[in-house]
Amino acid sequence: METYNHILNTIKSKGAAYLVLLDPDKLSFEKSESFLKHCASAGVDGFLIGGSLMLSGNFEMMIEKVKANTNLPAIIFPGSIDQISPSADAILFLSVVSGRNADHLIGRHVIASPLIKRSGIEVISTAYTLIESGITSTAVYMSGSMPLPRNKPEIAAATALAAEYLGMKLIYLEAGSGADQPVPDEMIKAVADVCTVPVIVGGGIRSPFVAREKVDCGANIIVTGNYFEDENNWDMIQDFANAVHFKDPIEV
Ligand code: 1GP
C-alpha cells in the first residue's frame, strides 16, 4: 500500500499529483539520468514506466535508473505481461474496462498474476479507460478494443463507477500517448462527480495550462509523456508540476 498511499497523500497535500511517463523505447537511455534528476528537482511525484511495445529492451534498466537517481516511486505501466520487475515499487494492474475484449479485461491478468506475486511488488488495480482522441492510439490498436466515444461522458461515468464497485483503486482516463485531443473536460467532470477513488488523466497534455484545466475539472493525477521526449521542453517540467500542485502544502 506504500505507493498507493504516497499517491493519496500527495493528492491530499498538493491538491493533485503529477506523474511522468518514461517509455524506454522513446527516452534515450544516455539522457535518462539527467532527465530524472530534472524531474525530481521540479517536484514530479513519481514515474510510470512502460510502453505498448518494448523494442529497446531498456525496461529493467530504466526502473533501476529511477531507483538510483531519485527517491520517487517507480510504477510499472505495463504494455504487456513481459513488463514486470521486482525492482519497481508498484504496478498498475490495468484492466481495459472501456473495451469488451476479454483478454484485456481479465485474460492477460491470469497469466501475469503469479509472476507479479513472485516479484513481490505492490499491485494497484486500475480501470484503464481508453477515450477516442482523434487518432487510433497505440493502446487502442494493441488492445484490440474500441475506445469510449469522447462525446459520451455519461458512459465514462457509468464505466468508472462500475470499476469502482468492482474494487478498482484508480480510474485512468487515457486519450493515448501523443493524442490529438486530450480527455474532454466534461468527461473528467462526469467521472470525478461519481467516483471516490482518484482519477488519472493522460494523453495529449502538452501545456501546464491544459494540465491545470484537467485538474480543475476533477483530475487527481496528471500524466505526461510525449512532451518531454524533446529535450528542449525539459525546462517546462517545473511549470507542469506547479500547475498540477494547486494547493500550498503548508496550508494543510
Ligand atoms: C499516459 O498516454 C499518456 O497516459 C501519456 O500521453 O505521451 O501524450 O503525454 P502523452
Side-chain angles (χ1 to χ4, degrees), residues 7 16-28 32 35 38-39 42 44-54 59 62 66 73-80 83 90-99 104 124 126-143 145 147-148 150 156 160 163 168 170-184 187-188 191 198-215 217 219-234 236-237 239-241 243-244:
I7 293 171
Y18 179 41
L19 303 180
V20 167
L21 171 65
L22 306 171
D23 182 340
D25 274 348
K26 297 196 179 136
L27 175 66
S28 116
S32 59
F35 179 64
H38 234 80
C39 289
V44 166
D45 301 303
F47 296 97
L48 297 185
I49 300 136
S52 296
L53 288 171
M54 196 55 66
F59 172 69
M62 196 59 86
V66 171
I75 305 166
I76 299 174
F77 180 51
S80 73
Q83 296 169 31
I91 184 165
L92 297 188
F93 199 56
L94 304 173
S95 180
V96 185
V97 295
S98 48
H104 285 268
I124 306 175
T126 302
Y128 198 44
T129 317
L130 305 176
I131 314 296
E132 205 178 54
S133 65
I135 53 163
T136 302
S137 68
T138 312
V140 165
Y141 182 78
M142 295 302 284
S143 67
S145 61
L148 222 135
R150 60 185 289 111
M168 296 191 187
L170 293 174
I171 309 294
Y172 199 135
L173 300 179
E174 172 70 277
S177 191
D180 281 352
Q181 309 172 75
V183 178
M187 189 174 274
I188 299 170
V191 169
V199 177
I200 311 188
V201 174
I205 299 176
R206 296 184 192 84
S207 76
F209 177 82
V210 172
R212 180 55 172 270
E213 191 178 81
K214 304 302 170 196
V215 169
C217 291
N220 305 107
I221 303 165
I222 295 293
V223 179
T224 63
N226 215 260
Y227 188 71
F228 296 121
E229 280 157 25
D230 180 350
E231 200 176 335
N232 297 315
N233 294 336
W234 290 8
M236 295 291 288
I237 303 172
D239 295 329
F240 273 88
V244 172

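Counting starts at 1 for both ligands and their atoms, in listed order. Note that the structure is predicted; figures quoted are calculated from it, not measured.
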(request) Determine yes or no for a side-chain-to-main-chain donor-acceptor pair under 3.5 angstrom, with Arg212 supplying the side chain and Val244 the backbone. (result) no
(message) With respect to Ile205, determine whether any N or O atom, backbone or side chain, lies less than 3.5 Å from an N or O atom of ligand 1.
(response) no
(request) Kindly state whether the ring of Tyr172 and the ring of Phe77 have centres lying under 6.0 angstrom apart. (result) yes
(message) Within the 4.5 Å heavy-atom criterion, are Thr129 and Leu148 side-chain neighbours or not?
(response) yes
(request) Check each atom of ligand 1 against the heavy atoms of Gly203 and keep those under 4.0 Å away; list them by number with element. (result) 2 (O), 3 (C), 5 (C), 6 (O), 8 (O)
(request) Would you mind telling me which of Leu27, Leu48, Ile75, Asn226 makes a side chain to side chain contact (heavy atoms under 4.5 Å, CB included) with Leu21? (result) Leu48
(request) Write out the residue and atom name of the closest protein heavy atom to atom 4 (O) of ligand 1, then the distance separating them to 0.1 Å. (result) Tyr172 OH, 2.3 Å
(message) Distance under 4.0 Å to a non-hydrogen atom of Gly178: what atoms of ligand 1 satisfy this?
(response) 7 (O), 8 (O), 10 (P)
(request) Under 4.0 Å from a heavy atom of Val223: give me the atoms of ligand 1 that qualify, with their elements. (result) 1 (C)
(request) Would you kindly specify which portion of Tyr227 sits under 4.0 Å from ligand 1, judged on non-hydrogen atoms: side chain, backbone, both or neither? (result) neither
(request) Decide ring pair (Phe, Tyr, Trp, His ring centres under 6.0 Å) for Trp234 and Phe228; before the verdict, give the C-alpha distance in whole Å, the side-chain angles of both, and the deciding distance to 0.1 Å. (result) CA-CA 6 Å; Trp234 290 8; Phe228 296 121; 8.3 Å; no
(message) Tell me the closest heavy-atom pair linking Ala74 and Val66, and the distance in Å.
(response) CB-CG1, 3.8 Å
(request) Report yes or no: do Tyr227 and Ser207 form a side-chain donor-acceptor pair below 3.5 Å? (result) no
(request) Using distance alone, decide if ligand 1 has a nitrogen or oxygen within less than 3.5 Å of any nitrogen or oxygen in Phe77. (result) no
(request) Return the residue, atom name and 0.1 Å-rounded distance of the protein heavy atom closest to atom 9 (O) of ligand 1. (result) Gly225 N, 2.8 Å
(request) Indicate yes or no for a side-chain donor-acceptor contact from Ser137 to the backbone of Gly176 under 3.5 Å, with no hydrogens or angles considered. (result) no
(request) Within a distance under 4.0 Å of any heavy atom of Thr224, pick out the atoms of ligand 1 and give their elements. (result) 9 (O)
(message) If the cut-off is 4.0 Å to any non-hydrogen atom of Gly176, which atoms of ligand 1 fall inside it?
(response) 2 (O), 8 (O)
(request) Just need the protein heavy atom nearest to atom 2 (O) of ligand 1, so name the residue and atom and give the distance. (result) Glu174 OE1, 2.8 Å
